[in-house]
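Report on the structure given below.
What's counted below: heavy atoms across the whole structure, side chains too, no hydrogens, waters or symmetry copies. A, B, ... follow the sequence lines: proteins, then strands. Residue 1 opens every chain.
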Amino acid sequence: MTPEQEAEVARQLRMIRRGAAEIVPEEDLVRKLRQSVATGQPLRIKLGLDPTAPDIHLGHTVVLQKIRQLQDLGHVAHLVIGNFTGQIGDPTDKSETRRQLSEDEVQSNAQTYVAQIFKVLHPDKTEVVYNADWLAPLTFADVVRLASTLTVARMLEREDFQKRFRENRPIHIHEFFYPLMQAYDSVHLRTDIELGGTDQKFNLLMGRTLQREFGQEQQVALMMPLLEGLDGVNKMSKSLGNYIGVAEDPHTMFGKAMSIPDELMPRYFELVSEVPLEELECIQSGLKDGSLHPRDAKMRLAGELVRRFHGEDASREAVARWRQVFQAGGLPDDMPEAECNGGEVWIVELLVNLGLAVSRSEARRFLEQGGVRIDGERLQDVDAKVEVRDGMVIQVGKRRFVRCRVR
RNA sequence: GGAGGGGUACCAAAGUGGCCAACUGGGGCGGACUGUAAAUCCGUUGCGUAAGCUUCGAAGGUUCGAAUCCUUCCCCCUCCA
């Protein structure tokens, strides 16, 4: 290889390593990169997706961003929509048996999914495939043959299975097929690098095992860390509600980003922003020596996120609104409006009618706790009647506003 | 097939005849403070203006009175086979 080619390999390796939790085995990656650079053949990247959860959030983008970087380096990505595996059910949640999705549902889920994903990935370097295309035609004999390459002991290496086995909790036989199928996807696609979170390690390595069985070159498992959610403790997930969805509106996204614990900022910068490495170091040292205000750093982060998913204008606007509402204590320009009847209304009823409280008891509670403002004036009298005027602004808590429009 | 354990509010988990609209923790919400919706602290968390009403897997029953006792049913889990 020429010195230029060697340099290219080194460059790619550096980029791929960035933020990665683990690369198994790294020597294989180097070998594949050398091969790719020498021959001009792009590497085949794979990411498996579960079509049952159509909303993607920042946690998912950690892996997606890495794929994007690989695409930028010239490689091609296969997005495997698990329309077959999805019906089997992911072993991790034992409680809910998954509803079988209809063909149409899978299609439409996959479409919304992919649309969101292309906010991060290059559409022209991404191939979307469905694993039912090659998994469904397998015969029982095929499946048995696949299964015969593995042992129960090997399966029980998986932490989740091991734990359940130890605790005498049930493990269904079909759950063993999940990693097997995912591994077979890699065989089918002749995958060079499979991406996933660190929690996917077992499945990713299973791909290597199966590829070897099939006499293929083994894939590299590239694992990204799991991003902590807004609470700073648990991994970001929709069910925990600690997520920022990529399809969320700019203001929500900005606000949620502002609510992450300070300690989490560097991680978010590293894993989900496009801020270059050098700048990142600047921010970190600034935070450390106190020359950079944590609030300003976080606003920068929030702005970056909005810019990434909604564009420059939306980002600027979100920042402006934040300043206006939270730093200056003012009102947002664009608050929801509600049609109201004019005249005197009991405040409790008004709050419920406007959807600011779910029940009268809750409305009363808000009032008693001093959480209600009308045109900026705090109102605590539970029995109060208010004269509804056009343009009147009712606020509950710090961030819920409604402007009344009298019919 | 046999034996046992369990289903309580958003979640976890107390309560085993009245003092239980139900301890406590988490979460959520409100407030104070701040540097932001960080951190911390305080309050609050079924519905109802109220009297009161409806909740403890479901349906019946006993009782002046049941989350607590009885009957039937549904669901979950464990062990043995």
Are the charged groups of A/Arg405 and A/Glu337 less than 4.0 angstrom apart, N to O? yes
Could you check whether [X] gets within reach of a base, just the sugar-phosphate, or nothing at all, counting any heavy atom under 4.0 Å?
| X | result |
| --- | --- |
| A/Ser359 | sugar-phosphate |
| A/Asp262 | base |
| A/Ile260 | sugar-phosphate |
| A/Arg399 | base |

How close or far is atom [atom2] of [N] from atom [atom1] of [X], stated in whole angstroms?
| X | N | atom1 | atom2 | value |
| --- | --- | --- | --- | --- |
| A/Tyr243 | B/A37 | OH | C1' | 16 Å |
| A/Glu362 | B/G31 | CD | C1' | 15 Å |
| A/Asp231 | B/G25 | CG | P | 20 Å |
| A/Arg400 | B/C29 | CZ | C1' | 9 Å |
| A/Leu264 | B/U36 | CG | C1' | 15 Å |
| A/Glu263 | B/G35 | CD | C1' | 14 Å |
| A/Leu351 | B/C47 | CG | P | 14 Å |
| A/Tyr268 | B/A38 | OH | P | 14 Å |

Test of understanding: with salt bridge (charged side-chain N to carboxylate O under 4.0 Å, His left out), list the residues that count as partners of [X], not counting sequence neighbours.
| X | result |
| --- | --- |
| A/Glu270 | none |
| A/Lys298 | A/Asp262 |
| A/Glu8 | A/Arg11 |

[X]: what forms a side-chain hydrogen bond (donor to acceptor under 3.5 Å, both in side chains) with it, not counting sequence neighbours?
| X | result |
| --- | --- |
| A/Arg145 | A/Asp142 |
| A/Glu281 | none |
| A/Thr149 | none |
| A/Thr126 | A/Gln71 |

Contact summary for A/Leu301 and A/Ile260, nearest pair of heavy atoms: CD2-CD1, 3.7 Å
Quick one: closest heavy-atom pair of A/Leu121 and A/Pro123, and the distance?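 A/Leu121 and A/Pro123 have their closest heavy atoms at O-CD, 3.2 Å.
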Under 4.0 Å between a side-chain N/O of [X] and OP1 or OP2 of [N], yes or no?
| X | N | answer |
| --- | --- | --- |
| A/Arg364 | B/U44 | no |
| A/Arg360 | B/U49 | yes |
| A/Lys398 | B/G31 | yes |
| A/Ser259 | B/A38 | no |

Inter-nucleotide [atom1] distance ([N], [M]), Å rounded:
| N | M | atom1 | result |
| --- | --- | --- | --- |
| B/C19 | B/A66 | C1' | 15 Å |
| B/A12 | B/U54 | C1' | 25 Å |
| B/G18 | B/A3 | C1' | 37 Å |
| B/A22 | B/G28 | P | 24 Å |

Please enumerate all residues that pass side chain to side chain contact (heavy atoms under 4.5 Å, CB included) together with A/Val129, with sequence neighbours excluded. A/Val80, A/Glu127, A/Trp134, A/Leu189
In residues 365-379 of chain A, which residues come under 4.0 Å of RNA chain B by heavy atom?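 Those residues are A/Arg365, A/Phe366, A/Gln369, A/Gly370, A/Gly371, A/Arg378.
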Can you list, by residue number, the residues of residues 294-311 of chain A that have a non-hydrogen atom closer than 4.0 angstrom to RNA chain B? A/Pro294, A/Arg295, A/Lys298
Would you call the rings of A/His60 and A/His57 parallel, tilted or perpendicular, where under 30° means parallel and over 60° means perpendicular?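 Because their plane-to-plane angle is under 30°, the rings of A/His60 and A/His57 count as parallel.
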Atom pairs under 3.5 Å: protein N/O with N/O of nucleotides 10-12 of chain B:
none

Going by salt bridge (charged side-chain N to carboxylate O under 4.0 Å, His left out), name the pairs with one or both residues in residues 361-378 of chain A, residues two or more places apart or in two chains. A/Asp375-A/Arg389
What is the base-pairing partner of B/A14, counting Watson-Crick and G-U wobble geometry with both distances under 3.5 Å?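 Answer to the pairing question: none, since B/A14 forms no Watson-Crick or G-U pair.
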